[in-house]
Amino acid sequence: ILTRPTKESWQTPNPNRLNFNYNSISQRINTGLSFRKSLNRWHIYTGFQFSKAGNYSSPDQEILHSGYTYYSGVADISYGDEKRQFYFGYIGGLGKDIGKPDRENDGGNYTVVPSESQQFIRLGYTENNLFADAKLHFSLFYNPTTYFLEKIKTSGNTWERSETRGTNLGIKLFLEQELSGSLFYQAGVEWFSRFSLEIKNSARPLDNNETGDWTVPLDNGSRNDYSLFLTLQYSGLDRWTFNGGLRYTYFSTHADTGGGYLEKDSGSYSFFVGVTRKLTSKLAAFINVARAYRFPSLSESFYTGLTGRKYVIGNPLLKPEIGWNIDAGLKYG
């Protein structure tokens, strides 16, 4: 979940900070700084954090290969007046030499993440009173990612490496309006894309410093989810409130794999309906019903190879998951 500063957060006293922390148990150093400034209708917030840790010491023993190094940063710029609001944000992190300790705490068999990065760029725009008090919202995020993984086994004299690169993109445009004092709606479109996904593997004897031949079990992977959605809230009946939403999404995925070019596509709907009945001034009863739909990811369908746990085998014949949720209860307050 990626949030952005609210009007209240800009009023926080002493917003500029410098911190430093040292933990002897994990040999961890953590330091960072943040800066916040308001200039009339403009608000600026920036921050940076650095963490470096060695092996963690449990009450019984030192946990081998549990250290890491991590850099992270954030930058938010927003502008707002009565007519419109604009927002630009960045949040990113880079991890180096992240240890993944072996369950048996074996110093000769372990997994390490030499490098992992996540970079989020976010844009948001709201136009107020577009017509009859309707608001138009637009948001976009851009997220390139990398994940490198190595497995070392001195007992088997093996070194294995996996590299994953890909980019996520999301765009959302929707309209919201209060048609009367009791009826409110949101309606819009949404597009999520994961593209340029490449996963490649290499293996060699541990005592050979030359990188082995690379295999590319998944290349040119792409996924696109196109959605239309509508939500409604009605509270025109005494003590009753009705909520509902409907979404239709078309899913399309494809990739080049060891078995050739593979693709999958499907479309389906999801929805929710909720009813609340106020019994007293503080007590209310509610019931909610929802249908969820999950399309298999690119790696679940098409990737066979090394992961952070062991190995996975992609299954192009995987079917989407459909789930139902029903809950009811009482709320007091």
Side-chain angles (χ1 to χ4, degrees), residues 1-11 38-45 76-90 120-142 168-193 224-251 267-279 281-282 284-293 325 327 331 333:
I1 299 174
L2 300 175
T3 61
R4 61 186 179 90
T6 63
K7 292 181 179 179
E8 291 76 16
S9 67
W10 295 115
Q11 302 171 2
S38 295
L39 302 170
N40 296 322
R41 292 173 175 153
W42 290 90
H43 302 287
I44 301 171
Y45 172 75
D76 291 310
I77 301 174
S78 64
Y79 168 88
D81 59 20
E82 296 76 13
K83 179 62 177 174
R84 60 185 56 87
Q85 291 85 43
F86 168 79
Y87 169 74
F88 167 84
Y90 166 83
F120 282 90
I121 296 175
R122 300 170 288 157
L123 294 174
Y125 177 80
T126 297
E127 184 73 18
N128 298 317
N129 198 20
L130 187 66
F131 61 87
D133 293 328
K135 293 183 179 181
L136 181 68
H137 300 273
F138 171 81
S139 60
L140 175 149
F141 78 84
Y142 177 75
N168 301 314
L169 174 69
I171 297 176
K172 185 176 183 179
L173 179 69
F174 71 97
L175 192 70
E176 66 175 16
Q177 185 181 19
E178 189 171 332
L179 297 176
S180 66
S182 57
L183 181 60
F184 172 83
Y185 78 89
Q186 288 186 349
V189 296
E190 194 170 29
W191 171 40
F192 167 79
S193 179
N224 289 284
D225 301 356
Y226 306 96
S227 299
L228 299 171
F229 65 89
L230 171 68
T231 64
L232 295 170
Q233 178 177 303
Y234 179 70
S235 55
L237 298 178
D238 184 36
R239 294 179 177 269
W240 291 89
T241 299
F242 301 88
N243 295 277
L246 177 65
R247 173 186 290 263
Y248 179 82
T249 304
Y250 176 75
F251 306 87
S268 186
Y269 69 93
S270 55
F271 74 87
F272 73 92
V273 176
V275 180
T276 301
R277 173 69 161 87
K278 200 166 187 180
L279 304 177
S281 60
K282 292 187 176 182
F286 68 89
I287 183 170
N288 301 300
V289 179
R291 179 187 190 267
Y293 185 88
N325 182 78
D327 65 284
K331 294 187 290 187

Undergrad: State which residues pass side chain to side chain donor-acceptor pair (under 3.5 Å) with Asn325; sequence neighbours excluded, sorted by chain then number.
TA: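 Once residues adjacent in sequence are excluded, the partners of Asn325 under the side chain to side chain donor-acceptor pair (under 3.5 Å) criterion are Asp327.
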Undergrad: Looking at residues at least two apart in the chain, or sitting in another chain, which of them share a side chain to side chain donor-acceptor pair (under 3.5 Å) with Asp133?
TA: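 Here no residue qualifies.
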Undergrad: Using 0.5 Å steps for rounding, measure from the CG atom of Leu228 to the CG atom of Leu246.
TA: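 Here the interatomic distance stands at 9.5 Å.
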Undergrad: Please enumerate all residues that pass side-chain contact (heavy atoms from CB on, under 4.5 Å) together with Ser281, with sequence neighbours excluded.
TA: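 Result, side-chain contact (heavy atoms from CB on, under 4.5 Å) vs Ser281: none returned.
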Undergrad: According to side-chain contact (heavy atoms from CB on, under 4.5 Å), who are the partners of Ile121, at least two apart in sequence or on a separate chain?
TA: Phe88, Tyr90, Tyr142
Undergrad: With sequence neighbours excluded, what pairs up with Lys282 under the salt bridge (charged side-chain N to carboxylate O under 4.0 Å, His left out) test?
TA: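 In terms of salt bridge (charged side-chain N to carboxylate O under 4.0 Å, His left out), with neighbours along the sequence ignored, Lys282 is linked to no residue.
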Undergrad: If you define the side chain from C-beta out and look only at heavy atoms, does anything of His43 sit under 4.5 Å from Asp76?
TA: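 Of all side-chain heavy-atom pairs linking Asp76 with His43, none is under 4.5 Å.
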Undergrad: Could you tell me which residues satisfy salt bridge (charged side-chain N to carboxylate O under 4.0 Å, His left out) with Asp225, sequence neighbours excluded, listed by chain and number?
TA: Arg223
Undergrad: Quick one: CD on Glu82 to CG on Asn129, what's the gap to the nearest 0.5 Å?
TA: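 Between Glu82 CD and Asn129 CG, I get 11.5 Å after rounding to 0.5 Å.
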Undergrad: Find out whether Leu140 and Phe138 are in side-chain contact, i.e. whether some heavy atom of one side chain is under 4.5 Å from a heavy atom of the other.
TA: yes
Undergrad: So do the side chains of Thr231 and Phe272 get within less than 4.5 Å of each other, counting heavy atoms only?
TA: yes
Undergrad: Taking salt bridge (charged side-chain N to carboxylate O under 4.0 Å, His left out) as the definition, give me every residue that meets it alongside Glu176, ordered by chain and number, with sequence neighbours left out.
TA: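 Partners of Glu176 by the salt bridge (charged side-chain N to carboxylate O under 4.0 Å, His left out) criterion come out as none, since no residue qualifies.
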Undergrad: Please report the interatomic distance CD(Gln85) to OH(Tyr125), rounded to the nearest 0.5 Å.
TA: 9.0 Å
Undergrad: Considering only heavy atoms from C-beta outward, does the side chain of Gln186 approach that of His137 to under 4.5 Å?
TA: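 When only atoms from C-beta onward are counted, His137 and Gln186 do not touch, as no gap falls below 4.5 Å.
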Undergrad: Just to verify, what does Val273 make a side-chain contact (heavy atoms from CB on, under 4.5 Å) with, not counting sequence neighbours?
TA: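 Val273: side-chain contact (heavy atoms from CB on, under 4.5 Å) contacts with Phe271.
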Undergrad: OH/Tyr226 to OG/Ser193 distance, rounded to the nearest 0.5 angstrom?
TA: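 Between atom OH of Tyr226 and atom OG of Ser193 there are 6.5 Å.
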Undergrad: Report yes or no: does Arg247 contribute a side-chain atom to a donor-acceptor pair with the main-chain N or O of Ser227 at less than 3.5 Å?
TA: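 Checked: no pair found.
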Undergrad: With a 4.5 Å heavy-atom cut-off, do Leu175 and Tyr185 have their side chains touching?
TA: yes
Undergrad: Which residues satisfy the side-chain contact (heavy atoms from CB on, under 4.5 Å) test with Ser139, sequence neighbours excluded?
TA: Lys172
Undergrad: With a 4.5 Å heavy-atom cut-off, do Glu127 and Lys83 have their side chains touching?
TA: yes
Undergrad: For the OH atom of Tyr248 and the OH atom of Tyr293, what is their distance to the nearest 0.5 Å?
TA: 8.5 Å
Undergrad: Quick one: side chain to side chain donor-acceptor pair (under 3.5 Å) partners of Glu178, sequence neighbours excluded?
TA: none
Undergrad: Tell me every residue that passes salt bridge (charged side-chain N to carboxylate O under 4.0 Å, His left out) with Arg277, counting only those two or more places apart in sequence or in another chain.
TA: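 Salt bridge (charged side-chain N to carboxylate O under 4.0 Å, His left out) check on Arg277 returns nothing, list empty.
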Undergrad: Trp191: what forms a side chain to side chain donor-acceptor pair (under 3.5 Å) with it, not counting sequence neighbours?
TA: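 Asn224.
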